[in-house]
Amino acid sequence: MQRRFLAMSAMNCAPPDRDQGNVGLVRKLGPDEESLSSIENEVDRLTRMVGDLLLLAQAEAGAVPF
């Protein structure tokens, strides 16, 4: 599981940095649809990733809920 997690984290380090930049722009300039949409999409993607990681951890522990 650790190898999978490290691979996933390496692939996904740039988008949160980009969206943190979008948050900074929203704070400075006010909200715009493109930045808000990008942030929302990233939150959705990260939420799915965390859910997948939890499911992997449960599967490895033999406790997958059905």
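In what follows, every heavy atom counts, from backbone to side chain, and hydrogens, waters and symmetry copies are set aside.
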Asks: Among Val23, Leu25, Leu29, which one satisfies side-chain contact (heavy atoms from CB on, under 4.5 Å) with Arg27?
Replies: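 Testing Arg27 for a side-chain contact (heavy atoms from CB on, under 4.5 Å) against Val23, Leu25, Leu29 leaves exactly one candidate, Val23.
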Asks: Could you work out, with side chain to side chain donor-acceptor pair (under 3.5 Å) as the rule, every residue matching Ser38, not counting sequence neighbours?
Replies: Asp19, Asn22
Asks: How long is the gap from CG on Leu53 to CD on Gln58, to the nearest 0.5 Å?
Replies: 11.5 Å
Asks: Taking side chain to side chain contact (heavy atoms under 4.5 Å, CB included) as the test, write out the residues that go with Arg48, two or more places apart.
Replies: Asp44, Arg45
Asks: Report the residues that fulfil side chain to side chain donor-acceptor pair (under 3.5 Å) with Asn41, sequence neighbours left out, ordered by chain and then residue number.
Replies: none
Asks: Work out which heavy atom in Leu36 is nearest to a heavy atom in Pro31; give both atom names and the distance.
Replies: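 Looking at all heavy atoms of both residues, the shortest contact is CD1-CB, 3.6 Å.
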Asks: Linking I/L/V/M/F/W/Y whenever any side-chain heavy atoms sit under 4.5 Å apart, do Leu46 and Ile39 land together?
Replies: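 No; Ile39 is not reachable from Leu46 via cluster members.
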